[in-house]
Amino acid sequence: MQDERAAWLAHHRLAVAGRAAAQEAGRDAEARQAVTLLEDFVRRAGEQGLPPHPLRARSYDGRRSYQTRARGWYLKSNRSVAAGEGGEYYVLSVPASLRARFTGAELSPSTPRLIVGAGGGDGEPVPLEQLLERRLKAGVRWP
């Protein structure tokens with residue numbers, strides 16, 4: 001009986017590890033597709049003469065806005081996500097900081113997803129490709 005239980009546990013651990021590996025591979029493949037979309041967007045924005053702008057980040061509570069060193073294009077009208085001029089994907093939300101008010105907030109690129117807002121409670125999920133196309137069509141006039 002003890003041997004059966006040990007065999008079952010070993011089999012179960014192996015199955016869980018396999019599912020986790022498959023899930024990770026799926027996320028990696030999704031990120032590669034999203035990076036390709038972002039790089040294509042940057043190229044097309046340059047061809048259309050859309051200049052990148054300095055990006056600002058908002059505190060998690062939404063009360064403060066901070067300068068950043070990043071430049072790019074806001075993808076949503078609420079300026080919560082952006083494409084960087086090097087093809088990076090930024091979620092423009094940072095912790096509140098007195099220091100950032102004077103020196104600017106540090107942004108790190110996020111892993112892009114094909115669906116922006118998936119799993120979040122912040123508005124409707126939107127395909128990244130749709131956001132990028134919408135931004136290109138808007139031209140230099142963008143909220």
Side-chain angles (χ1 to χ4, degrees), residues 4-143:
E4 288 177 17
R5 178 157 173 73
W8 181 87
L9 283 172
H11 177 73
H12 181 69
R13 284 188 192 110
L14 195 59
V16 168
R19 282 194 298 273
Q23 213 172 22
E24 183 68 27
R27 279 193 294 267
D28 290 346
E30 178 183 10
R32 284 191 302 274
Q33 287 179 305
V35 165
T36 300
L37 290 173
L38 288 162
E39 289 170 346
D40 185 56
F41 168 81
V42 171
R43 179 187 55 76
R44 291 172 61 198
E47 289 171 356
Q48 290 184 19
L50 292 178
H53 299 283
L55 299 174
R56 295 186 67 82
R58 293 196 80 52
S59 60
Y60 294 145
D61 64 9
R63 292 178 153 176
R64 302 264 187 246
S65 176
Y66 305 106
Q67 294 178 359
T68 71
R69 291 184 184 97
R71 294 177 52 81
W73 299 267
Y74 295 106
L75 300 179
K76 294 179 83 175
S77 58
N78 68 0
R79 298 180 176 215
S80 61
V81 294
E85 62 187 341
E88 307 88 356
Y89 177 76
Y90 292 110
V91 176
L92 300 170
S93 195
V94 295
S97 164
L98 180 61
R99 180 178 178 191
R101 290 177 68 186
F102 300 103
T103 63
E106 290 295 320
L107 277 183
S108 296
S110 298
T111 302
R113 298 189 63 192
L114 291 174
I115 305 295
V116 175
D122 182 43
E124 282 292 312
V126 180
L128 176 62
E129 188 171 21
Q130 183 179 340
L131 283 178
L132 297 171
E133 287 299 321
R134 189 183 305 159
R135 180 62 189 95
L136 286 171
K137 286 181 183 174
V140 293
R141 293 186 338 185
W142 185 254

### Summary
Heavy-atom closest pair (R56 atom, Y74 atom, distance to 0.1 Å) is N-OH, 2.8 Å
### Query
What distance do T68 atom OG1 and Y90 atom OH have between them, rounded to the nearest 0.5 Å?
7.5 Å
### Query
Of the non-hydrogen atoms in L114 and E30, which two are nearest, and what is the gap between them?
N-OE2, 2.9 Å
### Task
May I ask you to test the L37-L132 pair for a side-chain heavy-atom distance under 4.5 Å?
yes
### Message
Using 0.5 Å steps for rounding, measure from the CG atom of L107 to the OG atom of S93.
### Response
10.0 Å
### Query
Can you name the nearest heavy-atom pair linking A105 to V94, along with the distance?
CB-CG2, 4.1 Å
### Query
What heavy-atom pair brings A34 and L128 nearest, and what distance separates the two atoms?
CB-CD2, 3.8 Å
### Check: L50 main-chain N/O paired with W73 side-chain donor or acceptor under 3.5 Å
yes
#### Entry: Check: P109 and Y89 side chains under 4.5 Å, non-hydrogen atoms
no
### Query
For Y66 and R101, which heavy atoms make the closest approach, and how far apart are they?
CE2-CG, 3.5 Å
### Query
For R69, which of E106, E85, E88 qualifies under salt bridge (Lys or Arg N to Asp or Glu O under 4.0 Å)?
E106
### Summary
Contacts satisfying salt bridge (charged side-chain N to carboxylate O under 4.0 Å, His left out) that involve residues 42-52 (not counting sequence neighbours) are D40-R43, D40-R44, R43-E47, R44-E133
### Summary
The reported gap from CG in L136 to CH2 in W142 (rounded to nearest 0.5 angstrom) is 10.0 Å
### Summary
Contacts of P127 meeting side-chain contact (heavy atoms from CB on, under 4.5 Å) (sequence neighbours excluded), chain-then-number -> I115, Q130
### Query
Closest approach of R134 and V126, non-hydrogen atoms and distance?
NH2-CG1, 4.2 Å
